[in-house]
K.L.:
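Have a look at this one before I ask anything.
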Amino acid sequence: MRKSILQTKKECWFCLTEKELATHHVFEGWGLREKSEQYGLKVELCNRHHNTTDEGVHFNYNMDLLLKQYAQREFEKKYSHELFMKEFRVNWLGKEFK
């Protein structure tokens, strides 16, 4: 299991709580969860910001997009935009918040 390149502390990426955390793979579906694991594109999220409320990234488009854009920027700093597009196929930096 690879360490996250998105955070160093074991705390919710949004609210910084250290309670009731789950690992969230930023990109998922069609083999992307495995690529998120491979490249360390994962964060710790509390239940509220993960999947138990409307504030969670699984239900809130803007929060999900914010996290995806951050992950893409960090990936591209470490690797390249070309590799990101090859591996993840979507330029999340070009998406707009709703």
K.L.:
Is there a donor-acceptor pair closer than 3.5 Å between any side-chain N or O of Arg2 and the backbone N or O of Glu37?
P.N.:
no

K.L.:
Heavy atoms, side chains only, cut-off 4.5 Å: are Asp54 and Asn60 in contact?
P.N.:
no

K.L.:
To the nearest 0.5 Å, tell me how far Cys12 SG sits from Glu20 CD.
P.N.:
11.0 Å

K.L.:
Would you say Tyr39 and Tyr70 are hydrophobically clustered, going by side-chain heavy atoms of ILVMFWY under 4.5 Å?
P.N.:
yes

K.L.:
Heavy atoms only: give me the nearest Cys46-Lys19 pair and the separation to one decimal.
P.N.:
CB-O, 3.9 Å

K.L.:
What are the two closest non-hydrogen atoms of Leu83 and Tyr79, and how far apart are they?
P.N.:
CD2-CB, 3.8 Å

K.L.:
Return the CG to CG distance between Leu6 and Leu67, rounded to the nearest 0.5 Å.
P.N.:
7.0 Å

K.L.:
Rounded to the nearest 0.5 Å, what's the gap from NZ on Lys68 to CG on Leu41? Could you check?
P.N.:
10.5 Å

K.L.:
Phe59 and Val26: same hydrophobic cluster, using ILVMFWY side-chain contacts below 4.5 Å?
P.N.:
no

K.L.:
With distance as the sole criterion, is a donor-acceptor pair present between the side chains of Thr17 and Glu11 under 3.5 Å?
P.N.:
no

K.L.:
Donor-acceptor pairs are to be reported for all side-chain atoms of residues 90-98 against protein atoms at under 3.5 Å, with residues two or more places apart or in another chain.
P.N.:
unit_1, atom_1, unit_2, atom_2, d
Asn91, OD1, Gln72, NE2, 2.9
Asn91, OD1, Leu93, N, 3.1

K.L.:
Rounded to the nearest 0.5 Å, how far does NE2 of His50 lie from CD of Glu55?
P.N.:
14.5 Å

K.L.:
Nearest 0.5 angstrom please: Lys77 NZ to Ile5 CD1, how far?
P.N.:
9.5 Å

K.L.:
Measure centre to centre between the rings of His24 and His49, then say whether the value is under 6.0 Å.
P.N.:
no

K.L.:
How long is the gap from NE2 on His25 to CD on Glu34, to the nearest 0.5 Å?
P.N.:
8.5 Å

K.L.:
Does a side-chain heavy-atom distance below 4.5 Å link Glu74 with Lys78?
P.N.:
no

K.L.:
Please confirm whether the backbone N or O of Val43 pairs with a side-chain atom of Ser4, one donor and one acceptor, at under 3.5 Å?
P.N.:
no

K.L.:
Heavy atoms only: give me the nearest Lys10-Glu18 pair and the separation to one decimal.
P.N.:
O-CG, 3.7 Å

K.L.:
Taking the side chain as everything from C-beta on, heavy atoms only, tell me whether Phe14 gets closer than 4.5 Å to Val57.
P.N.:
yes

K.L.:
Classify the angle between the aromatic ring planes of Phe27 and Phe88 as parallel (below 30°), tilted (30 to 60°) or perpendicular (above 60°).
P.N.:
tilted

